[in-house]
There are 2 protein chains.
Amino acid sequence: MTAIGDAAQQAGGADTPRADAERVMRIGEVAALTGTTPRTIRYYEEIGLLSGGDTRVLGQHRCYSQADVDRVHEIVRLKELLGLSLEQLSQLLEAETARAEIRRELHATDDPGRQRELLLQSDGHIANQLTLVRGRLTELAKLEADLSERARRVRQRLEQLGA
Amino acid sequence: MTAIGDAAQQAGGADTPRADAERVMRIGEVAALTGTTPRTIRYYEEIGLLSGGDTRVLGQHRCYSQADVDRVHEIVRLKELLGLSLEQLSQLLEAETARAEIRRELHATDDPGRQRELLLQSDGHIANQLTLVRGRLTELAKLEADLSERARRVRQRLEQLGA
DNA sequence: TGCTAAGCTGACGTTCACGTAAGGAAGCAT
DNA sequence: ATGCTTCCTTACGTGAACGTCAGCTTAGCA
């Protein structure tokens, strides 16, 4: 439901304008859209969190697509929710990276064997993420229970006083 | 259920040995018990996260009780689970601080008005923590749902291939 | 009383995740 | 061609959260 990186369906010819989905953006726009800064985007590229478009020559402006925006959103989200270091994140985000790779290859290849392999990889990465997230969820739930219990006790005492 | 800072019941006389609950510990032991280091403990004291026993004179060894160990555990727990800065933590932990204060005053005073006030404060702080924790819980749940959905799709594709 | 382990107080070093400033070049419109 | 804006690279700065080292004192024990 949230923007998690479905770069829409790309099906049409190669010359269709298609104003929105495959618009080319520059760093400032990406930063604005993701609530970050150009510096942050470059930093993420520097440490390997963002692809860094291998085609670009030194000095040229960086180009981004909606998929990149989605990825940055994911990064920020995971970073905040899980409180991970960017190092740990880049481990986790192999999933995203692989996923992008897969989307490309999946459409490029006809070999069902290869497709199967790619999908299995993707599944593995997602499973990793899920494990981590679910762990956090149960720990947080425990914390919530503890806090609720404490609140209950305090209110119980208040009632005793009131009576 | 977890160690959240119930420094056991202290009721008996003042000279009972009571080997365990009120044992005096030093910084190294606290560090070991909480998976931190002496430096970290001192740092937490420095920035006001730990009380710093106002009675101690410069140069003397720091003394800790089980309650302090519990508090450090809480700090670490909140820090990791919520990914908060120590600054934010010290805000949140007003609750703990107040709670310790309250425990002391609650037993010291007979004034039900004052007791009521203290309990209300405590309740407020806990409510704050709960709000934060529940917010995280729902966000994490959303993330979990997203990931599950993705996993489902990938597996669906795999089935299509297999068929 | 003397020893040793552990602790104490500075004070400087370090890693992460960027912020910020300088000087120059790319992109786009006119 | 000329601006103007945005971006580029390089490099140094910064705050948080400790690590680490030096030199000295305290606590507990024989």
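Every chain is numbered from 1, with letters handed out A, B, ... down the list of sequences.
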When rounded to whole Å, the CD to C1' distance for the pair B:Gln88 and D:dA17 reads 14 Å

Any salt bridge linking A:Arg150 with B:Asp123? Criterion: basic side-chain nitrogen under 4.0 Å from a carboxylate oxygen. no

Reading DNA chain D from 5' onward, which residue's closest nucleotide shows up sooner: A:Val57 or B:Arg26? A:Val57

May I ask you to verify if any side-chain N or O of B:Arg62 is less than 4.0 angstrom from the OP1 or OP2 atom of C:dC8? yes

For the pair B:Glu29 and B:Arg26, find out whether any cationic side-chain nitrogen is under 4.0 Å from an anionic carboxylate oxygen. no

State whether A:Thr40 places a side-chain N or O below 4.0 Å from either non-bridging phosphate oxygen (OP1 or OP2) of C:dA17. no

Atom CG of B:Leu58 to atom P of D:dT25: distance rounded to whole Å? 12 Å

Side chain A:Gln115, main chain B:Leu161, donor-acceptor under 3.5 Å: no

Can you tell me the distance, in whole Å, between the CG atom of A:Leu50 and the P atom of C:dC18? 12 Å

Once you round it to whole Å, what is the distance between C1' of D:dT6 and NE2 of A:His61? 6 Å

Using atom CG of B:Leu84 as one end and atom P of D:dG15 as the other, report the distance to the nearest whole Å. 21 Å

I'd like to know if A:Lys142 and A:Glu139 make a salt bridge, using a cut-off of under 4.0 Å between side-chain N and carboxylate O. no

Can you tell me if the side-chain N/O atoms of A:Lys79 get under 4.0 Å from OP1 or OP2 in C:dC16? no

Ignoring backbone atoms, test whether A:Arg42 places a side-chain nitrogen or oxygen under 4.0 Å from the OP1 or OP2 oxygen of D:dC8. yes

Quick one: B:Tyr43 OH to D:dT20 P, roughly how many Å, whole number? 16 Å

Would you classify A:Ile47 as touching base, sugar-phosphate or nothing, given that sugar-phosphate means primed atoms plus P, OP1 and OP2, and contacts are heavy atoms under 4.0 Å? nothing

Look at B:Glu149 together with B:Arg153 and state whether they make a salt bridge at an N to O cut-off of under 4.0 Å. yes

Is there a side-chain polar atom (N or O) of B:Gln60 under 4.0 Å from OP1 or OP2 of D:dA27? yes

Check the distance between D:dA17's P and B:Leu49's CG and give it to me in whole angstrom. 9 Å

Considering just the side-chain nitrogens and oxygens of B:Thr37, establish if one lies under 4.0 Å of OP1 or OP2 belonging to D:dG19. yes

When the distance from CZ of A:Arg39 to P of C:dA17 is rounded to whole Å, what number comes out? 12 Å

